[in-house]
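This one's a predicted model, so the numbers in the text were calculated from it and none came from an experiment.
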Amino acid sequence: MVRATLAVVALVALVYPSSVAGLWPLPRSLQTGSQALTLSSSFSIDSAFTAPDDLKSAISRTLDYVRKDKHERLVVGRGSADASKIKSAPSLNKLSLQLESKTPLSIAQEAIKPFESRDESYTLTVPVNGDAILRANSTLGLFRGLTTFTQLWYTAGDAVYTIEAPITITDKPAYPYRGLMLDTARNFFPVADIKRTLDAMSWVKINTFHWHVVDSQSFPLQIAAFPELSQKGAYSATEVYTPEDVKDIITYAGERGIDVIVEFDVPGHTSIISKSHSDFIACPEAAPWSQFANEPPAGQLRLASPSVISFVQSLFSSLADQFPSRYISTGGDEVNLNCYNKDADTQAQLKKNGQNLEQALSTFVLKIHSTLKGKGKTPVVWEEMVIDHPVGVSNDTIVMVWISSANVRAVVNKGYRVVHAPSDYFYLVSGGWVGNNIPGNSWCDPFKTWQKAYSFNPLANLTAAQTPLVLGGQHLLWAEQSDPSNLDSIVWPRAAASAEVFWTGANQPSGKPRNVDEALPRLHDIRYRFVQRGVKAVALQPLWCALRPGVCNLQA
(Lines give C-alpha, C1' and ligand atoms only; values in the text may rest on other atoms or scores of the structure.)
Protein backbone atom coordinates (compact mmCIF):
# COMPACT_ATOMS: atom_id res chain seq x y z
CA MET A 1 0.00 0.00 0.00
CA VAL A 2 1.15 3.57 -0.68
CA ARG A 3 0.72 4.77 2.89
CA ALA A 4 2.78 1.94 4.36
CA THR A 5 5.57 2.48 1.87
CA LEU A 6 5.86 6.17 2.68
CA ALA A 7 6.87 5.52 6.27
CA VAL A 8 9.95 3.71 5.00
CA VAL A 9 11.00 5.95 2.13
CA ALA A 10 10.82 9.08 4.29
CA LEU A 11 14.09 7.91 5.83
CA VAL A 12 15.89 7.58 2.50
CA ALA A 13 18.41 10.29 1.72
CA LEU A 14 17.77 12.16 -1.51
CA VAL A 15 20.28 12.70 -4.27
CA TYR A 16 19.08 15.15 -6.91
CA PRO A 17 20.95 14.94 -10.22
CA SER A 18 21.39 18.38 -11.72
CA SER A 19 19.51 17.43 -14.87
CA VAL A 20 16.34 16.52 -12.96
CA ALA A 21 15.73 20.20 -12.44
CA GLY A 22 12.00 20.47 -13.11
CA LEU A 23 10.41 18.78 -10.12
CA TRP A 24 8.49 21.24 -7.97
CA PRO A 25 7.65 20.79 -5.17
CA LEU A 26 10.49 18.59 -4.01
CA PRO A 27 9.41 14.91 -3.88
CA ARG A 28 9.80 13.03 -0.64
CA SER A 29 11.89 10.34 -2.32
CA LEU A 30 13.50 10.24 -5.77
CA GLN A 31 15.76 7.70 -7.41
CA THR A 32 16.99 8.16 -10.99
CA GLY A 33 19.21 6.50 -13.52
CA SER A 34 21.26 7.85 -16.39
CA GLN A 35 19.60 6.46 -19.49
CA ALA A 36 17.63 8.37 -22.10
CA LEU A 37 13.96 7.54 -22.63
CA THR A 38 11.52 9.08 -25.07
CA LEU A 39 7.75 9.22 -25.10
CA SER A 40 6.28 7.19 -27.92
CA SER A 41 4.22 9.10 -30.49
CA SER A 42 1.37 6.80 -29.46
CA PHE A 43 1.96 7.26 -25.71
CA SER A 44 -1.20 6.74 -23.68
CA ILE A 45 -2.39 6.86 -20.09
CA ASP A 46 -4.69 4.04 -19.03
CA SER A 47 -6.47 3.24 -15.80
CA ALA A 48 -7.11 -0.23 -14.42
CA PHE A 49 -10.46 0.95 -13.03
CA THR A 50 -13.41 3.07 -14.10
CA ALA A 51 -12.06 6.59 -13.76
CA PRO A 52 -14.33 9.44 -12.58
CA ASP A 53 -14.92 12.14 -15.18
CA ASP A 54 -12.56 14.67 -13.60
CA LEU A 55 -9.74 12.13 -13.53
CA LYS A 56 -10.38 11.43 -17.22
CA SER A 57 -10.09 15.18 -17.85
CA ALA A 58 -6.86 15.29 -15.84
CA ILE A 59 -5.45 12.45 -17.95
CA SER A 60 -6.35 14.38 -21.10
CA ARG A 61 -4.64 17.55 -19.80
CA THR A 62 -1.55 15.53 -18.83
CA LEU A 63 -1.28 14.20 -22.37
CA ASP A 64 -1.62 17.74 -23.71
CA TYR A 65 1.11 19.03 -21.42
CA VAL A 66 3.69 16.36 -22.22
CA ARG A 67 3.02 16.70 -25.95
CA LYS A 68 2.69 20.48 -26.20
CA ASP A 69 4.92 22.06 -23.53
CA LYS A 70 7.90 22.32 -25.93
CA HIS A 71 10.10 22.98 -22.91
CA GLU A 72 13.82 22.60 -23.56
CA ARG A 73 16.26 21.72 -20.81
CA LEU A 74 17.76 24.71 -19.02
CA VAL A 75 21.38 23.94 -19.84
CA VAL A 76 23.85 25.60 -22.19
CA GLY A 77 22.80 24.50 -25.66
CA ARG A 78 19.25 23.82 -24.39
CA GLY A 79 19.74 20.05 -24.60
CA SER A 80 21.35 19.89 -28.04
CA ALA A 81 24.03 17.62 -26.58
CA ASP A 82 21.32 15.06 -25.81
CA ALA A 83 20.65 14.35 -29.50
CA SER A 84 22.78 11.21 -29.75
CA LYS A 85 21.25 9.74 -26.58
CA ILE A 86 17.73 10.47 -27.79
CA LYS A 87 18.34 8.87 -31.20
CA SER A 88 19.07 5.44 -29.74
CA ALA A 89 16.74 5.69 -26.72
CA PRO A 90 13.88 3.25 -26.06
CA SER A 91 10.34 4.63 -25.96
CA LEU A 92 7.75 4.70 -23.20
CA ASN A 93 4.40 3.59 -24.58
CA LYS A 94 2.08 3.79 -21.60
CA LEU A 95 1.50 5.08 -18.09
CA SER A 96 -0.80 2.81 -16.12
CA LEU A 97 -2.83 4.25 -13.24
CA GLN A 98 -3.53 1.95 -10.33
CA LEU A 99 -5.89 2.88 -7.48
CA GLU A 100 -5.87 1.12 -4.13
CA SER A 101 -9.43 2.19 -3.33
CA LYS A 102 -12.16 -0.09 -4.65
CA THR A 103 -14.75 2.70 -4.75
CA PRO A 104 -13.04 5.70 -6.34
CA LEU A 105 -14.36 9.15 -5.55
CA SER A 106 -13.82 12.05 -7.91
CA ILE A 107 -10.83 14.33 -7.48
CA ALA A 108 -13.23 17.11 -6.46
CA GLN A 109 -14.83 14.95 -3.75
CA GLU A 110 -11.43 14.02 -2.36
CA ALA A 111 -10.25 17.65 -2.44
CA ILE A 112 -12.95 18.87 -0.04
CA LYS A 113 -12.62 16.15 2.56
CA PRO A 114 -11.59 17.33 6.05
CA PHE A 115 -7.87 18.05 6.18
CA GLU A 116 -7.13 15.00 8.28
CA SER A 117 -8.90 12.71 5.77
CA ARG A 118 -7.21 13.82 2.55
CA ASP A 119 -4.72 11.44 0.97
CA GLU A 120 -2.48 13.01 -1.69
CA SER A 121 0.24 10.35 -1.59
CA TYR A 122 1.41 8.47 -4.68
CA THR A 123 4.25 6.41 -6.13
CA LEU A 124 5.47 6.82 -9.70
CA THR A 125 7.77 4.38 -11.49
CA VAL A 126 9.16 5.08 -14.97
CA PRO A 127 11.30 2.14 -16.16
CA VAL A 128 13.64 2.03 -19.12
CA ASN A 129 11.73 -0.92 -20.55
CA GLY A 130 8.03 -1.58 -20.01
CA ASP A 131 5.16 0.58 -18.89
CA ALA A 132 5.27 3.35 -16.31
CA ILE A 133 3.06 2.85 -13.26
CA LEU A 134 1.39 5.45 -11.04
CA ARG A 135 -0.18 4.12 -7.83
CA ALA A 136 -2.21 5.97 -5.19
CA ASN A 137 -4.84 5.44 -2.53
CA SER A 138 -7.13 8.11 -4.01
CA THR A 139 -7.87 9.89 -7.27
CA LEU A 140 -6.42 12.99 -5.63
CA GLY A 141 -3.13 11.16 -5.15
CA LEU A 142 -3.23 10.03 -8.78
CA PHE A 143 -3.76 13.64 -9.84
CA ARG A 144 -0.72 14.80 -7.86
CA GLY A 145 1.30 12.04 -9.47
CA LEU A 146 0.15 13.06 -12.95
CA THR A 147 1.32 16.58 -12.14
CA THR A 148 4.76 15.26 -11.26
CA PHE A 149 4.84 13.13 -14.41
CA THR A 150 4.45 16.23 -16.61
CA GLN A 151 7.57 17.76 -15.01
CA LEU A 152 9.86 14.88 -16.01
CA TRP A 153 9.89 15.57 -19.74
CA TYR A 154 11.72 17.94 -22.05
CA THR A 155 11.65 18.51 -25.79
CA ALA A 156 14.36 18.52 -28.43
CA GLY A 157 13.02 18.88 -31.94
CA ASP A 158 10.11 16.46 -32.17
CA ALA A 159 11.31 14.30 -29.29
CA VAL A 160 9.85 14.33 -25.78
CA TYR A 161 12.42 12.78 -23.49
CA THR A 162 14.26 12.38 -20.21
CA ILE A 163 17.89 11.38 -19.72
CA GLU A 164 17.36 10.16 -16.14
CA ALA A 165 15.50 6.87 -16.58
CA PRO A 166 14.70 4.77 -14.68
CA ILE A 167 12.85 7.06 -12.27
CA THR A 168 11.12 6.11 -9.02
CA ILE A 169 9.26 8.68 -6.89
CA THR A 170 7.40 8.13 -3.64
CA ASP A 171 5.69 11.25 -2.41
CA LYS A 172 3.20 12.86 -0.08
CA PRO A 173 2.75 16.35 1.44
CA ALA A 174 4.13 17.38 4.79
CA TYR A 175 1.06 19.56 5.46
CA PRO A 176 -2.56 19.26 4.32
CA TYR A 177 -3.07 23.01 3.73
CA ARG A 178 -1.08 24.64 0.92
CA GLY A 179 -2.87 27.74 -0.19
CA LEU A 180 -3.08 30.97 -2.12
CA MET A 181 -5.30 33.83 -1.02
CA LEU A 182 -6.72 36.21 -3.63
CA ASP A 183 -8.52 39.45 -2.79
CA THR A 184 -11.13 40.19 -5.48
CA ALA A 185 -12.72 43.17 -3.71
CA ARG A 186 -10.11 45.94 -3.92
CA ASN A 187 -9.86 45.25 -7.66
CA PHE A 188 -12.00 42.83 -9.67
CA PHE A 189 -10.57 39.71 -11.31
CA PRO A 190 -12.60 38.07 -14.09
CA VAL A 191 -13.35 34.36 -13.92
CA ALA A 192 -10.81 33.62 -16.66
CA ASP A 193 -8.00 35.08 -14.54
CA ILE A 194 -9.07 33.06 -11.51
CA LYS A 195 -9.16 29.88 -13.59
CA ARG A 196 -5.69 30.52 -14.98
CA THR A 197 -4.49 31.02 -11.41
CA LEU A 198 -6.13 27.76 -10.34
CA ASP A 199 -4.34 25.96 -13.16
CA ALA A 200 -0.99 27.37 -12.03
CA MET A 201 -1.74 26.47 -8.42
CA SER A 202 -2.39 22.87 -9.37
CA TRP A 203 0.93 22.64 -11.26
CA VAL A 204 2.80 23.13 -7.96
CA LYS A 205 0.33 21.11 -5.88
CA ILE A 206 -1.31 24.06 -4.07
CA ASN A 207 -4.60 22.66 -2.82
CA THR A 208 -6.51 25.58 -1.28
CA PHE A 209 -7.93 28.72 -2.90
CA HIS A 210 -8.66 31.15 -0.08
CA TRP A 211 -11.09 33.55 -1.74
CA HIS A 212 -11.27 36.93 -0.02
CA VAL A 213 -14.19 37.75 -2.24
CA VAL A 214 -15.68 40.92 -0.67
CA ASP A 215 -14.41 43.82 1.44
CA SER A 216 -15.19 47.44 2.29
CA GLN A 217 -14.47 48.65 -1.23
CA SER A 218 -16.80 46.38 -3.21
CA PHE A 219 -19.19 43.46 -2.90
CA PRO A 220 -18.93 41.59 -6.21
CA LEU A 221 -20.45 38.32 -4.97
CA GLN A 222 -24.05 37.73 -5.99
CA ILE A 223 -25.96 35.92 -3.26
CA ALA A 224 -29.44 34.81 -4.29
CA ALA A 225 -31.02 35.62 -0.92
CA PHE A 226 -29.34 39.04 -0.79
CA PRO A 227 -29.28 40.45 -4.34
CA GLU A 228 -29.08 44.02 -3.07
CA LEU A 229 -25.54 43.53 -1.74
CA SER A 230 -23.96 43.14 -5.17
CA GLN A 231 -26.50 45.38 -6.91
CA LYS A 232 -25.49 48.29 -4.70
CA GLY A 233 -21.99 47.15 -3.78
CA ALA A 234 -20.26 45.92 -6.95
CA TYR A 235 -18.10 48.33 -8.93
CA SER A 236 -20.37 47.77 -11.93
CA ALA A 237 -23.02 45.37 -13.18
CA THR A 238 -20.35 43.48 -15.13
CA GLU A 239 -17.86 43.19 -12.25
CA VAL A 240 -19.76 40.52 -10.33
CA TYR A 241 -19.53 36.82 -9.63
CA THR A 242 -22.89 35.27 -10.44
CA PRO A 243 -24.00 32.01 -8.80
CA GLU A 244 -23.12 30.36 -12.09
CA ASP A 245 -19.63 31.90 -11.96
CA VAL A 246 -19.12 30.67 -8.41
CA LYS A 247 -20.25 27.16 -9.31
CA ASP A 248 -17.96 27.24 -12.36
CA ILE A 249 -14.95 28.32 -10.25
CA ILE A 250 -15.65 25.69 -7.58
CA THR A 251 -16.02 22.96 -10.20
CA TYR A 252 -12.87 24.06 -12.04
CA ALA A 253 -10.91 24.16 -8.78
CA GLY A 254 -12.21 20.79 -7.63
CA GLU A 255 -11.16 19.12 -10.88
CA ARG A 256 -7.66 20.34 -10.09
CA GLY A 257 -7.62 19.10 -6.51
CA ILE A 258 -8.28 22.53 -5.00
CA ASP A 259 -10.66 23.37 -2.15
CA VAL A 260 -12.31 26.82 -2.33
CA ILE A 261 -12.55 28.46 1.09
CA VAL A 262 -14.60 31.64 0.91
CA GLU A 263 -14.04 34.54 3.32
CA PHE A 264 -16.57 37.15 4.39
CA ASP A 265 -14.54 39.31 6.79
CA VAL A 266 -16.72 40.52 9.68
CA PRO A 267 -17.42 42.70 11.57
CA GLY A 268 -14.76 44.98 10.05
CA HIS A 269 -14.10 45.39 6.33
CA THR A 270 -17.83 45.73 5.63
CA SER A 271 -18.36 49.41 4.80
CA ILE A 272 -19.81 48.57 1.38
CA ILE A 273 -22.89 47.05 3.01
CA SER A 274 -23.96 50.59 3.94
CA LYS A 275 -24.91 51.12 0.29
CA SER A 276 -27.74 48.61 0.63
CA HIS A 277 -28.29 48.56 4.43
CA SER A 278 -27.31 51.96 5.78
CA ASP A 279 -28.59 51.20 9.28
CA PHE A 280 -26.36 48.13 9.62
CA ILE A 281 -23.02 49.96 9.42
CA ALA A 282 -21.28 52.09 12.04
CA CYS A 283 -19.23 55.14 10.92
CA PRO A 284 -19.77 54.59 7.18
CA GLU A 285 -17.09 56.45 5.18
CA ALA A 286 -16.19 58.52 8.24
CA ALA A 287 -13.29 60.94 7.86
CA PRO A 288 -10.42 61.01 8.43
CA TRP A 289 -10.62 57.33 7.59
CA SER A 290 -7.36 56.54 9.40
CA GLN A 291 -9.10 57.12 12.74
CA PHE A 292 -11.91 54.69 11.96
CA ALA A 293 -10.35 51.94 9.81
CA ASN A 294 -7.04 50.53 8.61
CA GLU A 295 -7.98 51.31 5.02
CA PRO A 296 -10.63 53.47 3.33
CA PRO A 297 -13.57 53.52 3.33
CA ALA A 298 -14.36 53.30 7.05
CA GLY A 299 -17.38 51.39 8.22
CA GLN A 300 -18.08 48.13 10.02
CA LEU A 301 -21.12 46.11 11.05
CA ARG A 302 -23.04 47.23 14.13
CA LEU A 303 -22.11 44.07 15.95
CA ALA A 304 -24.37 44.65 19.01
CA SER A 305 -27.56 44.93 16.97
CA PRO A 306 -29.81 41.82 17.00
CA SER A 307 -31.07 42.63 13.51
CA VAL A 308 -27.50 42.87 12.20
CA ILE A 309 -26.57 39.57 13.85
CA SER A 310 -29.63 37.90 12.31
CA PHE A 311 -28.75 39.36 8.90
CA VAL A 312 -25.15 38.14 9.07
CA GLN A 313 -26.20 34.69 10.26
CA SER A 314 -28.55 34.37 7.29
CA LEU A 315 -25.82 35.58 4.95
CA PHE A 316 -23.35 33.00 6.21
CA SER A 317 -26.03 30.32 5.97
CA SER A 318 -26.40 31.21 2.29
CA LEU A 319 -22.63 31.08 1.80
CA ALA A 320 -22.54 27.67 3.44
CA ASP A 321 -25.09 26.41 0.94
CA GLN A 322 -23.20 27.94 -1.99
CA PHE A 323 -19.69 26.70 -1.12
CA PRO A 324 -19.21 22.94 -0.57
CA SER A 325 -15.92 23.29 1.35
CA ARG A 326 -15.96 22.13 4.97
CA TYR A 327 -14.36 25.48 5.88
CA ILE A 328 -15.56 29.10 5.75
CA SER A 329 -13.64 32.12 7.00
CA THR A 330 -15.40 34.74 9.10
CA GLY A 331 -12.27 36.93 9.16
CA GLY A 332 -12.23 39.13 12.23
CA ASP A 333 -9.11 41.22 11.62
CA GLU A 334 -8.65 44.94 12.16
CA VAL A 335 -11.77 45.62 14.25
CA ASN A 336 -11.66 49.37 14.91
CA LEU A 337 -12.80 50.09 18.46
CA ASN A 338 -12.84 53.88 17.95
CA CYS A 339 -15.53 53.47 15.33
CA TYR A 340 -17.78 51.67 17.79
CA ASN A 341 -16.96 54.01 20.65
CA LYS A 342 -18.14 56.96 18.57
CA ASP A 343 -21.19 55.25 17.11
CA ALA A 344 -24.30 56.31 19.04
CA ASP A 345 -26.40 53.35 17.87
CA THR A 346 -23.78 50.81 18.98
CA GLN A 347 -23.34 52.49 22.35
CA ALA A 348 -27.10 52.55 22.93
CA GLN A 349 -27.42 48.88 22.03
CA LEU A 350 -24.53 47.93 24.31
CA LYS A 351 -26.25 49.70 27.18
CA LYS A 352 -29.54 48.00 26.38
CA ASN A 353 -27.86 44.56 26.24
CA GLY A 354 -25.83 45.17 29.39
CA GLN A 355 -22.64 44.37 27.50
CA ASN A 356 -19.29 45.95 26.90
CA LEU A 357 -17.78 45.98 23.42
CA GLU A 358 -15.70 42.84 23.84
CA GLN A 359 -18.69 40.90 25.13
CA ALA A 360 -20.74 42.07 22.15
CA LEU A 361 -17.98 41.02 19.78
CA SER A 362 -17.90 37.58 21.38
CA THR A 363 -21.68 37.20 21.05
CA PHE A 364 -21.54 38.33 17.42
CA VAL A 365 -18.78 35.93 16.40
CA LEU A 366 -20.02 32.91 18.33
CA LYS A 367 -23.54 33.18 16.91
CA ILE A 368 -22.13 33.23 13.39
CA HIS A 369 -19.93 30.25 14.17
CA SER A 370 -22.91 28.41 15.62
CA THR A 371 -24.74 28.95 12.35
CA LEU A 372 -21.80 27.61 10.35
CA LYS A 373 -21.40 24.57 12.57
CA GLY A 374 -25.10 23.86 12.12
CA LYS A 375 -24.33 23.68 8.41
CA GLY A 376 -21.45 21.27 8.97
CA LYS A 377 -18.76 23.92 8.48
CA THR A 378 -15.60 24.61 10.46
CA PRO A 379 -14.93 28.34 11.00
CA VAL A 380 -11.65 30.00 10.05
CA VAL A 381 -10.55 33.31 11.62
CA TRP A 382 -7.67 35.75 11.56
CA GLU A 383 -5.37 35.75 14.59
CA GLU A 384 -6.94 38.75 16.37
CA MET A 385 -9.95 36.62 17.24
CA VAL A 386 -7.83 34.53 19.63
CA ILE A 387 -4.97 36.87 20.54
CA ASP A 388 -6.42 40.40 20.79
CA HIS A 389 -10.05 39.73 21.73
CA PRO A 390 -11.43 37.28 24.34
CA VAL A 391 -14.02 35.93 21.92
CA GLY A 392 -13.73 32.34 23.08
CA VAL A 393 -14.01 30.64 19.71
CA SER A 394 -14.04 26.85 19.99
CA ASN A 395 -10.81 24.91 19.68
CA ASP A 396 -11.82 23.34 16.38
CA THR A 397 -11.61 26.83 14.83
CA ILE A 398 -8.71 27.29 12.41
CA VAL A 399 -6.60 30.41 12.95
CA MET A 400 -4.67 32.21 10.21
CA VAL A 401 -1.68 34.16 11.51
CA TRP A 402 -0.97 37.19 9.34
CA ILE A 403 0.46 40.06 11.40
CA SER A 404 3.75 38.35 12.21
CA SER A 405 5.21 34.87 12.13
CA ALA A 406 6.19 35.50 15.77
CA ASN A 407 2.51 35.30 16.77
CA VAL A 408 2.10 31.63 15.87
CA ARG A 409 3.31 30.46 19.23
CA ALA A 410 0.65 32.50 21.05
CA VAL A 411 -2.01 30.82 18.94
CA VAL A 412 -0.82 27.23 19.36
CA ASN A 413 -0.29 27.83 23.09
CA LYS A 414 -4.07 28.18 23.24
CA GLY A 415 -4.49 24.87 21.44
CA TYR A 416 -5.71 26.16 18.08
CA ARG A 417 -4.78 24.74 14.70
CA VAL A 418 -2.91 27.29 12.65
CA VAL A 419 -2.36 28.25 9.03
CA HIS A 420 0.79 30.27 8.39
CA ALA A 421 0.03 33.46 6.45
CA PRO A 422 2.53 35.94 7.94
CA SER A 423 3.08 39.29 6.28
CA ASP A 424 6.80 39.10 7.00
CA TYR A 425 7.19 36.10 4.68
CA PHE A 426 4.18 35.51 2.45
CA TYR A 427 2.58 38.84 1.50
CA LEU A 428 2.86 39.40 -2.24
CA VAL A 429 2.00 43.12 -2.21
CA SER A 430 4.70 45.78 -2.31
CA GLY A 431 4.94 49.56 -2.47
CA GLY A 432 2.57 52.20 -1.11
CA TRP A 433 -0.96 52.89 -2.33
CA VAL A 434 -1.92 55.91 -0.21
CA GLY A 435 -2.32 58.81 -2.63
CA ASN A 436 -0.36 61.60 -0.95
CA ASN A 437 2.20 59.47 0.86
CA ILE A 438 5.48 60.73 -0.66
CA PRO A 439 7.72 57.95 0.76
CA GLY A 440 5.26 55.52 -0.81
CA ASN A 441 6.11 52.56 1.39
CA SER A 442 3.37 50.32 2.69
CA TRP A 443 3.55 48.85 6.17
CA CYS A 444 4.39 45.41 4.75
CA ASP A 445 7.55 46.55 2.94
CA PRO A 446 10.19 45.40 2.17
CA PHE A 447 9.33 43.34 -0.88
CA LYS A 448 9.19 39.65 0.03
CA THR A 449 11.36 37.68 -2.36
CA TRP A 450 10.82 34.01 -3.17
CA GLN A 451 14.05 33.34 -1.26
CA LYS A 452 12.60 34.94 1.87
CA ALA A 453 9.44 32.86 1.60
CA TYR A 454 11.46 29.72 0.89
CA SER A 455 13.50 30.23 4.06
CA PHE A 456 10.39 29.96 6.25
CA ASN A 457 10.41 27.29 8.96
CA PRO A 458 6.85 26.13 9.70
CA LEU A 459 7.88 24.74 13.08
CA ALA A 460 10.04 27.56 14.40
CA ASN A 461 9.71 28.12 18.15
CA LEU A 462 7.17 25.31 18.56
CA THR A 463 7.46 22.26 20.80
CA ALA A 464 7.18 18.75 19.43
CA ALA A 465 3.74 18.47 21.02
CA GLN A 466 2.56 21.59 19.17
CA THR A 467 3.71 20.63 15.69
CA PRO A 468 0.51 18.69 14.83
CA LEU A 469 -1.39 21.99 15.20
CA VAL A 470 0.34 23.39 12.10
CA LEU A 471 -1.93 22.70 9.12
CA GLY A 472 0.26 24.46 6.55
CA GLY A 473 0.37 27.92 5.03
CA GLN A 474 -0.13 30.19 2.06
CA HIS A 475 0.93 33.20 0.06
CA LEU A 476 -1.53 36.12 -0.03
CA LEU A 477 -2.32 38.70 -2.69
CA TRP A 478 -4.11 41.75 -1.35
CA ALA A 479 -5.19 43.64 -4.44
CA GLU A 480 -4.77 47.33 -3.62
CA GLN A 481 -2.07 47.47 -6.29
CA SER A 482 -2.94 44.39 -8.32
CA ASP A 483 -5.50 43.58 -10.97
CA PRO A 484 -5.54 41.29 -14.02
CA SER A 485 -2.73 43.31 -15.64
CA ASN A 486 -0.10 42.13 -13.14
CA LEU A 487 -1.70 39.10 -11.49
CA ASP A 488 0.61 36.51 -13.02
CA SER A 489 3.83 38.44 -12.49
CA ILE A 490 3.01 39.33 -8.88
CA VAL A 491 2.06 35.79 -7.88
CA TRP A 492 4.32 33.58 -9.98
CA PRO A 493 6.73 32.07 -9.42
CA ARG A 494 6.96 33.53 -5.90
CA ALA A 495 3.92 31.63 -4.62
CA ALA A 496 5.55 28.39 -5.73
CA ALA A 497 8.03 28.90 -2.88
CA SER A 498 5.42 28.35 -0.17
CA ALA A 499 3.97 25.48 -2.19
CA GLU A 500 7.25 23.61 -1.66
CA VAL A 501 7.72 24.79 1.93
CA PHE A 502 4.41 23.18 2.90
CA TRP A 503 4.68 20.13 0.67
CA THR A 504 8.24 19.26 1.70
CA GLY A 505 8.33 20.71 5.22
CA ALA A 506 11.13 22.38 7.16
CA ASN A 507 13.73 19.91 5.94
CA GLN A 508 14.39 17.63 3.04
CA PRO A 509 13.72 13.97 3.85
CA SER A 510 17.49 13.54 4.12
CA GLY A 511 17.33 15.75 7.19
CA LYS A 512 19.13 18.63 5.52
CA PRO A 513 17.40 22.02 5.46
CA ARG A 514 15.76 23.19 2.27
CA ASN A 515 18.39 25.00 0.23
CA VAL A 516 17.91 28.07 -1.98
CA ASP A 517 20.90 27.14 -4.15
CA GLU A 518 19.41 23.73 -4.86
CA ALA A 519 15.92 25.15 -5.34
CA LEU A 520 16.70 27.92 -7.83
CA PRO A 521 17.37 25.73 -10.90
CA ARG A 522 14.12 23.88 -10.27
CA LEU A 523 12.20 27.13 -9.76
CA HIS A 524 13.63 28.46 -13.03
CA ASP A 525 12.41 25.31 -14.70
CA ILE A 526 8.85 25.49 -13.40
CA ARG A 527 8.72 29.19 -14.27
CA TYR A 528 9.62 28.51 -17.91
CA ARG A 529 7.07 25.70 -17.97
CA PHE A 530 4.43 28.14 -16.67
CA VAL A 531 5.23 30.53 -19.50
CA GLN A 532 4.91 27.70 -22.03
CA ARG A 533 1.41 27.08 -20.67
CA GLY A 534 0.28 30.70 -20.89
CA VAL A 535 0.98 32.01 -17.37
CA LYS A 536 3.12 35.16 -17.51
CA ALA A 537 5.34 34.34 -14.56
CA VAL A 538 8.09 36.90 -14.00
CA ALA A 539 11.70 36.00 -14.79
CA LEU A 540 13.92 35.25 -11.80
CA GLN A 541 17.25 35.99 -13.50
CA PRO A 542 18.61 36.51 -17.01
CA LEU A 543 18.39 33.33 -19.08
CA TRP A 544 22.20 33.28 -19.07
CA CYS A 545 22.09 32.62 -15.30
CA ALA A 546 19.29 30.08 -15.58
CA LEU A 547 21.40 28.04 -18.00
CA ARG A 548 24.39 28.12 -15.64
CA PRO A 549 23.22 27.22 -12.11
CA GLY A 550 25.19 28.96 -9.38
CA VAL A 551 27.40 31.17 -11.52
CA CYS A 552 25.38 34.32 -10.74
CA ASN A 553 25.54 33.88 -6.97
CA LEU A 554 27.41 36.62 -5.12
CA GLN A 555 30.01 34.07 -4.04
CA ALA A 556 30.64 32.77 -7.58
Side-chain angles (χ1 to χ4, degrees), residues 115 177 179 181 183 208 210-216 261-270 282 293-295 299-305 308-309 312-313 315-316 319-320 325-341 346 350 355-375 377-423 426-427 466 469-474 476 478:
F115 292 128
Y177 188 110
M181 193 222 75
D183 159 22
T208 306
H210 173 190
W211 193 1
H212 188 91
V213 64
V214 299
D215 209 291
S216 283
I261 298 179
V262 68
E263 179 183 352
F264 176 36
D265 195 356
V266 295
H269 294 272
T270 51
N294 281 45
E295 190 171 309
Q300 48 195 26
L301 287 163
R302 284 179 168 143
L303 76 175
S305 165
V308 170
I309 293 174
V312 177
Q313 284 180 291
L315 200 156
F316 271 102
L319 289 177
S325 175
R326 263 79 169 175
Y327 308 95
I328 289 182
S329 175
T330 63
D333 66 317
E334 298 180 334
V335 177
N336 188 286
L337 301 183
N338 185 56
C339 169
Y340 289 131
N341 289 333
T346 297
L350 289 174
Q355 292 180 310
N356 61 34
L357 194 52
E358 292 293 350
Q359 290 169 332
L361 177 61
S362 180
T363 298
F364 175 87
V365 172
L366 295 182
K367 284 190 174 182
I368 295 169
H369 285 196
S370 177
T371 296
L372 289 177
K373 289 180 181 181
K375 290 281 188 174
K377 308 294 186 180
T378 297
V380 182
V381 297
W382 295 112
E383 65 190 86
E384 291 97 319
M385 289 291 95
V386 300
I387 294 178
D388 296 342
H389 304 287
V391 171
V393 297
S394 62
N395 266 59
D396 61 342
T397 304
I398 295 170
V399 180
M400 291 186 171
V401 173
W402 69 275
I403 295 174
S404 170
S405 56
N407 292 347
V408 168
R409 190 169 185 178
V411 173
V412 298
N413 281 344
K414 294 175 180 284
Y416 291 102
R417 292 177 294 170
V418 67
V419 169
H420 290 290
S423 59
F426 296 135
Y427 269 31
Q466 291 171 332
L469 295 174
V470 177
L471 291 176
Q474 64 183 9
L476 306 93
W478 300 105

Evaluation steps, side chain to side chain contact (heavy atoms under 4.5 Å, CB included), between F316 and I328: CA-CA 9 Å; F316 271 102; I328 289 182; 4.0 Å; yes
Pairwise side-chain contact, [X] with [Y], heavy-atom cut-off 4.5 Å (strictly under):
X    : Y    : answer
V312 : L301 : yes
L350 : L357 : yes
H420 : V401 : no
I261 : Y177 : yes

Separation between [atom1] of [X] and [atom2] of [Y], rounded to the nearest 0.5 Å:
X    : Y    : atom1 : atom2 : answer
D183 : M181 : CG    : CE    : 5.5 Å
K414 : N395 : NZ    : CG    : 10.0 Å
S329 : H210 : OG    : NE2   : 4.5 Å
T270 : D215 : OG1   : CG    : 8.5 Å
M400 : I398 : CE    : CD1   : 7.5 Å

Carboxylate-amine/guanidinium contact R417 D396, below 4.0 Å: no
Any side-chain donor near an acceptor of the partner, [X] and [Y], under 3.5 Å:
X    : Y    : value
E263 : W382 : yes
Q300 : H269 : no
K377 : S325 : no

Minimum heavy-atom distance between [X] and [Y], given as atom pair plus value:
X    : Y    : answer
V411 : V386 : CG2-CG2, 4.0 Å
T346 : A282 : OG1-CB, 4.3 Å
Y416 : V393 : OH-O, 2.7 Å

Atom pairs and distances, donor-acceptor, side-chain atoms in residues 361-368, under 3.5 Å, two or more places apart:
unit_1: S362; atom_1: OG; unit_2: V391; atom_2: O; d: 2.7
unit_1: T363; atom_1: OG1; unit_2: Q355; atom_2: NE2; d: 3.0
unit_1: T363; atom_1: OG1; unit_2: Q359; atom_2: O; d: 3.1

Donor-acceptor contact present, side-chain N294 to main-chain E334, <3.5 Å: no
Flag, side chain of D265 to backbone of G332, donor-acceptor distance under 3.5 Å: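 At least one qualifying donor-acceptor pair exists.
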Residue pairs, two or more places apart or on separate chains, that pass salt bridge (Lys or Arg N to Asp or Glu O under 4.0 Å) and touch residues 383-395: none
Verdict with supporting geometry, Y427 and W402, side chain to side chain contact (heavy atoms under 4.5 Å, CB included): CA-CA 9 Å; Y427 269 31; W402 69 275; 3.0 Å; yes
Derivation and outcome, side chain to side chain contact (heavy atoms under 4.5 Å, CB included), residues V419 and V399: CA-CA 6 Å; V419 169; V399 180; over 6 Å; no
